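Values in this document were obtained by computation on a predicted structure and should not be read as measured data.
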Amino acid sequence: MNVLSSGETFEFKSLFAKVFEGLKLKNAVSGGEEMLRLRSYEKILKLTNCGLVQKVGKTYRALEGIETASSAHRLARLDSAILAAQAKA
């Protein structure tokens with residue numbers, strides 16, 4: 001999500017390279033490069049089907065609202081819902 005949020009257009013190979021390098025820096029690579037490539041491709045297809053990423057030929061570009069698909073955004077929404085429920089009680 002973070003790589004796509006930059007506003008650039010990427011081919012899958014260069015997009016995966018950036019994601020893989022970022023994960024290696026965080027020591028978060030497990031399961032092998034091929035498995036991670038497959039999971040990344042599935043994720044980009046899911047985002048494309050949801051209308052958050054646009055595919056033109058072999059390139060991908062994030063559309064408005066890509067931030068809403070991130071887990072950080074979902075956690076923030078969950079926190080605000082919990083706080084609202086606590087305020088009502």
Side-chain angles (χ1 to χ4, degrees):
M1 299 283 185
N2 293 335
V3 176
L4 283 171
S5 297
S6 68
E8 294 181 54
T9 301
F10 295 97
E11 285 191 2
F12 180 74
K13 191 173 186 178
S14 61
L15 176 64
F16 177 74
K18 283 189 172 260
V19 169
F20 190 66
E21 286 301 315
L23 290 173
K24 281 195 319 190
L25 289 173
K26 296 178 185 178
N27 289 328
V29 177
S30 64
E33 184 176 346
E34 288 304 314
M35 184 56 92
L36 183 60
R37 184 182 307 274
L38 178 61
R39 290 193 327 235
S40 298
Y41 188 70
E42 289 173 346
K43 181 75 167 182
I44 196 84
L45 287 180
K46 188 181 217 181
L47 291 171
T48 302
N49 289 335
C50 291
L52 297 172
V53 172
Q54 179 183 29
K55 181 181 180 186
V56 177
K58 292 185 176 184
T59 60
Y60 297 91
R61 182 176 62 89
L63 299 175
E64 295 251 346
I66 189 76
E67 304 85 24
T68 62
S70 74
S71 55
H73 184 268
R74 282 188 228 135
L75 287 174
R77 282 193 323 206
L78 181 60
D79 285 344
S80 64
I82 291 170
L83 289 174
Q86 289 174 345
K88 285 183 179 180

Measure the spacing between [atom1] of [X] and [atom2] of [Y] and express it to the nearest 0.5 Å.
X   : Y   : atom1 : atom2 : value
E33 : F16 : CD    : CZ    : 5.0 Å
T59 : E8  : OG1   : CD    : 12.5 Å
K13 : K58 : NZ    : NZ    : 10.0 Å
E42 : K46 : CD    : NZ    : 9.0 Å

Any [X] side-chain heavy atom under 4.5 Å of [Y] side chain:
X   : Y   : value
S40 : F12 : yes
L52 : L63 : no
E11 : Y60 : no

With a 4.5 Å cut-off on side-chain heavy-atom distances among I, L, V, M, F, W and Y, is there a chain of contacts connecting V19 to L45?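 In one cluster: yes.
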Do the side chains of Y41 and L15 join up, straight or via other hydrophobic residues, at under 4.5 Å, putting them in one cluster?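 In one cluster: yes.
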Given R61 and F10, is the side chain to side chain contact (heavy atoms under 4.5 Å, CB included) satisfied, shown in steps? CA-CA 7 Å; R61 182 176 62 89; F10 295 97; over 6 Å; no
E21/K24 salt bridge by N-O under 4.0 Å criterion: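 Salt bridge: yes.
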Sole candidate of Q54, K55, K43 that passes side-chain contact (heavy atoms from CB on, under 4.5 Å) when paired with T48: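 Among the candidates, only K55 passes.
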